[in-house]
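Counting convention: from 1, in listed order, for ligands and their atoms alike.
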Amino acid sequence: MNAMVSIAGRPEISHAEMANALRFLAVDAVEKAKSGHPGMPMGMADVATVLFSRFLKFDPADPAWPDRDRFVLSAGHGSMLLYALLHLTGYEGVTLDQLKAFRQWGSKTPGHPEHGHTPGVETTTGPLGQGIATAVGMALAERMMNARFGDDLVNHFTYVIAGDGCLMEGISHEAISLAGHLRLNRLIVLFDDNQISIDGATSLSCSDDQLARFRASGWSAVRIDGHDPHAIASAIEAARNSDRPTLIACRTVIGFGAPNRQGSEKVHGAPLGAEETENTRRALNWPYSAFEIPNEILVRWREAAEAGRKARQAWLERTRRLCGAGRSPFHDALNKKLPCTYAEAMKQLCLKFAADKRKLATRQASQQVLDAIAGALPNLLGGSADLTHSNLTLAKTQTPVRRDAMDGNYIHYGVREHAMAAAMNGIALHGGFIPYGGTFLAFADYSRPSIRLAALMGIRVIHVMTHDSIGLGEDGPTHQPVEHLAALRAIPNLLVFRPADAVETAEAWDCALRAETSPSILCLSRQALPAFRDADDSGNRVARGAYVVIEPKGARDVTLIATGSEVSVALDAARLLGEKGVRAAVVSAPCFDLFRTQSNDYRAKVLGNAPRVGVEAAVEGDWARWLGDDGEFVGMTGFGASAPAETLYREFGITAEALVAAAERAVSRARNSNLVSAN
Ligand SMILES: Cc1ncc(C[n+]2csc(CCOP(=O)(O)OP(=O)(O)O)c2C)c(N)n1
């Protein structure tokens, strides 16, 4: 603890003083907020001090500098550790006043770190396990960018602080397994090995030998004294030179320095209280008042960023030399905008789909989209959780990413949906790629926590989720999503697309690729669907969320609204109704989320004044919003069953005939109520 940090001609600042600055900012902020987690920052202050002052490459002047090291606080409840680091190293906006406003409305210092809200926060953490799994994506993206552009432009590490909780979460297993398989040797996890979680000692619930566990997944792993700066530094040094990812289990004392609380769960998530705070000040020999950081210590912390500042200047110089002043493939990769060659490829494909009018499963249409655009989008990065040939996510030109082939552009994630979704978040956050990955829609639940974080962070990640209804048939109810559309539509800022034919599939892809601040889910059919869209120049119709496919001559008697595979059911029903003299409009609604954002006028025009009937091979969810009180919904009311798709549609009553009957009921109800009100 007595290592000195000497700067010629100035008072020597000890490691302990720097670490204590972190500790007390955390203690004081939690104390002032009357809530928060002081234990973890106090325990990991030594590790964080060594990392930030001796290794981490960062420049607070440009928190988004592409070649910075990434630091992920996977144990997000210890957010005050990160905020204290950002403040002390000089990130603009993370002021002392912001630390004093910890966890308050409008502050830059929310309860858990939020990417996009606080400069220097690389990813949103709090749900344990997500950070470490996201970091795997970042470390993978770094190696892949390095393979494309070389050491001069891309050469950085991804550091993670993770706690017992992160390592207990199942997602961590998938993530470390993937990282070990791919030999992501730029990934270094600093494990806060304090043997305490909320309920008490971790021995209450966990007996894992974490070192053996990581080694079994192909990692290097060591255990050190997490309060010994020399041990911390040499472990990090060794990890940086390892040919595989490294776990450094840092044996620490939670709440280090609080005489009556340290080492106990009591210090995990509650303020120390005035008395214990004073005890801690005495115990750690920190005679300063709340939030007071002596200037010499602050100066020394600010100097920790100096090496990174120089590294960034040198990088900028190299970039100018290697890439020139204008656009370069490197800049193109980092640019979120799509190249114009892409738009042309997409346009030609839509024309071809409209001309062919072939019956295609939307997953097949999606495959054709990928084949058509992959060449024009060099930063498109595909993948699937071991369902490549079902999801049809591999474009003809794509090659697998392997530990010895980081220049590939298709990731075989293995049967790891949790890790795939989190890694895609990390890849998107890192920059340089547009990640998409496939699985079955019924398994969206395995990816959901990461999808939710992607939506919260506002990042472009595309999930290709095929086999989107009972239409998948014989695999039965385990594989047939019924509640998933409703559940996914409930996540704010997530675009859920359910295209109905090949043109709509291409348009949905186009929307997802252009959505720079939203993740998307493409829900695609296993079964073939008739094509109904013509080539027209009215632009991307899916982008409006819903639109009129058929407008009857004369006033509408009824509006049929459908998504995906059920649009063709609605088209058949409209024809049958027409034969009976009932004028039915058909609306395709591939994306409720986008429809909700249209003008009132547009929505009113699409929905019309006639009674509405909705059809979707799923549970009703929030359909009522579009159908109104007089509407009717034709869909699923429970789980599916194992049988051929046509049988299932018939047995569950999702047919044109059922839709006709529902429409007739709705029309007659509306007529009766008109009569009543006229009388
Ligand atoms: C997915 C998830 N489950 C539960 C929680 C609630 N939680 C926050 S911290 C914590 C205990 C974590 O223990 P550890 O990682 O050892 O942290 P420490 O006690 O060392 O600070 C729990 C259960 C959470 N944030 N995320």
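Contact annotation: the side chain of M80 approaches that of L99 to within less than 4.5 Å [non-hydrogen atoms, C-beta and beyond]. When side chains are defined from C-beta on, V222 does not count as touching L247, because their heavy atoms never get closer than 4.5 Å. Taking 4.5 Å as the limit, some side-chain heavy atom of L88 sits within range of a side-chain heavy atom of L25. No side-chain heavy atom of T118 sits under 4.5 Å from any side-chain heavy atom of P113.
Aromatic pair F55/Y159: ring centres not closer than 6.0 Å. Ring centers of H463 and Y436: at least 6.0 Å apart, outside the cut-off. The aromatic ring centroids of H112 and H117 lie 6.0 Å or more from each other. Two rings, from F191 and F214, have their centers 6.0 Å or more apart.
The closest protein non-hydrogen atom to atom 20 (O) of ligand 1 is N194 ND2, 2.7 Å. For atom 19 (O) of ligand 1, the nearest non-hydrogen atom of the protein is H268 ND1, 2.6 Å. Protein heavy atom closest to atom 13 (O) of ligand 1, with residue, atom name and distance, is S197 CB, 3.3 Å. Distance from atom 14 (P) of ligand 1 to its nearest protein heavy atom, with residue and atom name: G165 N, 3.6 Å. Shortest contact from atom 5 (C) of ligand 1 to any protein heavy atom: L128 CD1, 4.0 Å. Distance from atom 23 (C) of ligand 1 to its nearest protein heavy atom, with residue and atom name: I198 CD1, 3.7 Å. Nearest protein neighbour of atom 16 (O) of ligand 1, counting heavy atoms only, is I196 O, 2.6 Å. Among all protein heavy atoms, the one lying closest to atom 25 (N) of ligand 1 is G126 O, 2.8 Å.
Considering both main-chain and side-chain atoms, C166 never comes within under 3.5 Å of ligand 1 through any nitrogen or oxygen pair.
Counting atoms of ligand 1 from 1 in the listed order, those under 4.0 Å from a heavy atom of D164 are 14 (P), 15 (O), 16 (O). Taking every heavy atom of H77 and a limit of under 4.0 angstrom, the matching atoms of ligand 1 come to 9 (S), 17 (O), 18 (P), 21 (O). For ligand 1, the atoms closer than 4.0 angstrom to any heavy atom of E169 are 1 (C), 2 (C), 3 (N). The ligand atoms of ligand 1 that sit less than 4.0 angstrom from a heavy atom of G163 are 15 (O). Close approach of ligand 1 to I254 (heavy-atom distance below 4.0 Å) involves ligand atoms 18 (P), 19 (O), 20 (O), 21 (O). Using a 4.0 Å cut-off to heavy atoms of P127, the atoms of ligand 1 that qualify are 26 (N). Each of the atoms 21 (O) of ligand 1 lies under 4.0 Å from some heavy atom of M40.
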Test log, rule salt bridge (Lys or Arg N to Asp or Glu O under 4.0 Å), inputs R223 and D193 | CA-CA 9 Å; R223 173 166 280 122; D193 184 14; 2.7 Å; yes

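Between A21 and I297, the shortest heavy-atom contact is CB-CG2, 4.0 Å.
Heavy atoms of G39 stay at 4.0 angstrom or farther from ligand 1.
With 3.5 Å as the limit, one finds a donor-acceptor pair spanning the side chains of R103 and S35.
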